[in-house]
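A short worksheet on the structure shown next.
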Amino acid sequence: MNLSTLRLVALAALVPVLVAFADAPWKTFRQRFIAHRWAERMVLFSIELNLALLWVLAKLLVGRDAAIAPPGWEAVLAGAGAGLAWAGALFAVWAKLTLGRWFSASFGVKPGHELVTHGPYAVVRHPIYTGTLVMGAGVAVAWDSWLSVGFVLLFAVPFALHAAIEEQMFAAHFGDAWSAYKARVPSMVPGWRPRTATATPSPPR
């Protein structure tokens, strides 16, 4: 495939995500919640929207973006980016389908809410965020854009805040079950855990 086709293949990864998440308004605004944090969700949504608008503005103002690939390697990079984009998209869709009726586009706990720990949730605690970021990075790489890669990294900040708020709610609702799950499954990066400080015993006196 030529360069243009590979880049279109990378963009096409958005299609299954848009289809899978098309019911997000119904699963959010027409549902009952026993715990909900609308204010925080709206603040983070506004941050994400502003980041997207800032990316558009930056693309318009910068004009020629800084290229990632060395000359002659654009098609190879586009192919790798397309593969990355589809891997992220399918991971996010798998996670959403695994959640089923417990999915919400906001921060909330529904009546009878169950803690989902299988499938992609056995790999990371927030696979939708992981998959979305990987998909964005793949598209940015396929289109050979350092600017877009930078904005994908910026989006990791509100996503990390999403995860922190959700985890507060789940810890309060699921208690020990959540603590055990959190102890064995990393947050958003498979296989990665922050190093925890361990107390060094004092020498005997």
Side-chain angles (χ1 to χ4, degrees), residues 6-29 31 37 40-42 44-52 55 77-110 113-143 145 148-167 169-170 178 181-182 184-193:
L6 288 168
R7 287 177 172 173
L8 289 176
V9 168
L11 275 181
L14 293 168
V15 174
V17 173
L18 293 174
V19 171
F21 287 82
D23 63 349
W26 182 85
K27 289 204 169 181
T28 303
F29 299 110
Q31 299 289 305
R37 293 174 64 173
E40 292 93 329
R41 184 63 188 94
M42 294 310 297
L44 286 174
F45 175 74
S46 67
I47 292 172
E48 291 152 7
L49 182 60
N50 283 317
L51 279 175
W55 172 79
L77 192 72
L84 193 64
W86 274 94
L90 294 177
F91 194 63
V93 169
W94 181 27
K96 195 268 184 182
L97 295 177
T98 301
L99 271 186
R101 63 194 179 106
W102 307 124
F103 169 79
S104 170
S106 188
F107 306 137
V109 176
K110 299 180 182 181
H113 208 119
E114 297 175 4
L115 180 60
V116 178
T117 61
H118 61 281
Y121 290 88
V123 180
V124 287
R125 300 195 301 273
H126 303 280
I128 292 176
Y129 303 151
T130 298
T132 302
L133 290 171
V134 170
M135 178 184 67
V139 172
V141 167
W143 284 81
S145 169
S148 299
V149 170
F151 272 88
V152 171
L153 294 176
L154 285 177
F155 263 94
V157 176
F159 280 9
L161 294 174
H162 277 238
I165 293 169
E166 289 176 344
E167 296 206 355
M169 301 183 74
F170 294 154
W178 174 261
Y181 174 57
K182 184 176 180 180
R184 70 177 185 270
V185 177
S187 179
M188 287 195 289
V189 180
W192 182 84
R193 291 182 173 282

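Side-chain atoms are counted along with the backbone in the values below, which use heavy atoms only and exclude waters and symmetry mates.
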Using a 4.5 Å cut-off on heavy atoms from C-beta on, say whether the side chain of W26 contacts that of Q31.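 Sidechains of W26 and Q31: in contact.
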Heavy-atom side-chain proximity of T130 to F91 below 4.5 angstrom: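 SC-SC contact between T130 and F91 confirmed.
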Return the [atom1] to [atom2] distance between [X] and [Y], rounded to the nearest 0.5 Å.
X    : Y    : atom1 : atom2 : answer
K96  : K27  : NZ    : NZ    : 4.5 Å
T117 : R125 : OG1   : CZ    : 12.5 Å
E167 : Y181 : CD    : OH    : 8.5 Å
L49  : L44  : CG    : CG    : 12.5 Å
L161 : I47  : CG    : CD1   : 7.0 Å
F29  : S104 : CZ    : OG    : 8.5 Å

Examine distances only and state if a side-chain atom of K110 and a backbone atom of R101 form a donor-acceptor pair shorter than 3.5 Å.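 Such a contact is found between K110 side chain and R101 backbone.
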Do the side chain of W143 and the main chain of L11 share a donor and acceptor less than 3.5 angstrom apart?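 Side chain of W143 to backbone of L11, a donor-acceptor pair under 3.5 Å: no, none is there.
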Taking only residues two or more places apart in sequence or in another chain, which ones pass side-chain contact (heavy atoms from CB on, under 4.5 Å) with A20?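 Residues passing side-chain contact (heavy atoms from CB on, under 4.5 Å) with A20: V93.
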Which class fits the ring pair F103 and F21: parallel under 30°, tilted 30 to 60°, perpendicular over 60°?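 Perpendicular: the ring planes of F103 and F21 meet at over 60°.
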Over 60° means perpendicular and under 30° means parallel, so tell me whether H162 and Y129 are parallel, tilted or perpendicular.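 It falls in the perpendicular class, over 60°.
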So, for [X] and [Y], which heavy atoms are closest and what is the spacing to 0.1 Å?
X    : Y    : value
P127 : Y121 : CD-CE2, 3.3 Å
A95  : I128 : CB-CG1, 3.6 Å
S106 : T28  : CB-CG2, 3.8 Å
S187 : V124 : O-CB, 3.4 Å
R7   : A78  : CG-CB, 4.3 Å
W94  : P120 : CE2-CD, 3.3 Å

F170 vs L115, test: side chain to side chain contact (heavy atoms under 4.5 Å, CB included). Steps then yes/no. CA-CA 8 Å; F170 294 154; L115 180 60; 5.5 Å; no
Whether E166 and R41 form a salt bridge (side-chain N of Lys/Arg under 4.0 Å from carboxylate O of Asp/Glu) is what I want to check.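 Between E166 and R41 there is no salt bridge, as every charged N stays at least 4.0 Å from the carboxylate O atoms.
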Candidate pair H118 and V116, rule side chain to side chain contact (heavy atoms under 4.5 Å, CB included), full reasoning: CA-CA 6 Å; H118 61 281; V116 178; 3.7 Å; yes
Which residue in the set V152, V157, L154 passes side chain to side chain contact (heavy atoms under 4.5 Å, CB included) when paired with L51?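 Exactly one pass, corresponding to L154.
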